[in-house]
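Worth saying up front: this structure is predicted, and the values here are computed from it rather than measured. Numbering of residues begins at 1 and proceeds along the displayed sequence.
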Amino acid sequence: MKGAFELGLVFLFGMMFVILGMSFSQVILTQNQARIYGETILTLIEHQNRYDDSVKTLILAHPIQCSVCTSTVTQDALTQRYMIKVTYPLSIPLLNYQKSGVIQLITRPMNR
């Protein structure tokens with residue numbers, strides 16, 4: 001009887017840690033997907049040496065996309081650099097944790 005009780009406790013706490021580990025791996029995968037998406041936008045802007053409507057359509061047509069991410073691109077007029085911000089959700093349901101992460105990338109100065 002004592003062994004069955006101990007086995008039940010091990011399964012109870014063990015499964016909790018397995019679910020927590022899966023949630024952490026989901027957070028890491030989401031963060032990695034957002035980083036790759038931001039770097040793709042950065043590469044397309046630097047390759048085209050501009051950011052206009054044609055580059056926006058290239059970004060939307062690119063095979064690397066992030067379904068849960070939102071991105072914004074702003075330009076600094078003084079340095080002629082673009083700042084890319086990719087926002088993505090972070091969620092660990094077991095701990096009732098809901099936040100959003102931000103990845104910021106800056107391009108090289110654009111030659112015009």
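Contact annotation: the side chain of Leu95 approaches that of Leu20 to within less than 4.5 Å [non-hydrogen atoms, C-beta and beyond].
Here CD1 of Ile106 is found 8.0 Å from OG1 of Thr79. Values are rounded to the nearest 0.5 Å. Note that CZ of Arg108 is 8.5 Å distant from CG of Leu42, once rounded to the nearest 0.5 Å. In this structure, CD in Gln33 is found 5.5 Å from OG in Ser67, a value given to the nearest 0.5 Å. Note that CD1 of Ile36 is 11.0 Å distant from OG1 of Thr43, once rounded to the nearest 0.5 Å. The OG atom of Ser91 sits 8.5 Å away from the CG atom of Asn96 when rounded to the nearest 0.5 Å.
Residues passing the side chain to side chain donor-acceptor pair (under 3.5 Å) test with Ser54, sequence neighbours excluded: Arg50, Asp52. Under the salt bridge (charged side-chain N to carboxylate O under 4.0 Å, His left out) criterion, Arg81 pairs with no residue, sequence neighbours left out.
Residue pairs meeting the disulfide (SG to SG under 2.5 Å) criterion with at least one partner in residues 46-99, sequence neighbours excluded, are Cys66-Cys69.
Not one N or O on the side chain of Gln80 forms a donor-acceptor pair closer than 3.5 Å with the backbone of Gln75. Under the 3.5 Å distance criterion, the side-chain polar atoms of Glu46 are left unmatched by any main-chain donor or acceptor of Thr107.
In this structure, Tyr82 is a member of the same hydrophobic cluster as Leu44, with clusters built from ILVMFWY side-chain heavy atoms closer than 4.5 Å. In this structure, Leu94 is a member of the same hydrophobic cluster as Val27, with clusters built from ILVMFWY side-chain heavy atoms closer than 4.5 Å. Taken together through direct or relayed side-chain contacts under 4.5 Å among Ile, Leu, Val, Met, Phe, Trp and Tyr, Leu90 and Val86 form part of one hydrophobic cluster. Under the 4.5 Å side-chain heavy-atom criterion for ILVMFWY residues, a single connected hydrophobic cluster contains both Phe17 and Phe24. Tracing side-chain contacts under 4.5 Å through hydrophobic residues (I, L, V, M, F, W, Y), one reaches Met16 starting from Phe5; they form part of the same cluster.
Annotation for Thr30 and Pro89: closest pair CG2-O, 3.7 Å, computed over non-hydrogen atoms. Between Leu60 and Gln65 the shortest heavy-atom distance is O-NE2, 3.5 Å. Of all heavy-atom pairs between Gln104 and Val102, the closest is CG-CG1, 3.9 Å.
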**OP:** Show your reasoning for whether side chain to side chain contact (heavy atoms under 4.5 Å, CB included) applies to Tyr88 and Ile103.
**Re:** CA-CA 8 Å; Tyr88 56 96; Ile103 294 176; 3.7 Å; yes
Original post:
Could you walk me through whether Asp53 and Lys56 pass the side chain to side chain contact (heavy atoms under 4.5 Å, CB included) check?
Top reply: CA-CA 5 Å; Asp53 290 334; Lys56 289 179 188 177; 3.9 Å; yes
Original post:
Going through the checks in order, is the side chain to side chain contact (heavy atoms under 4.5 Å, CB included) test met by Tyr51 and Ile59?
Top reply: CA-CA 10 Å; Tyr51 182 70; Ile59 291 170; 4.0 Å; yes
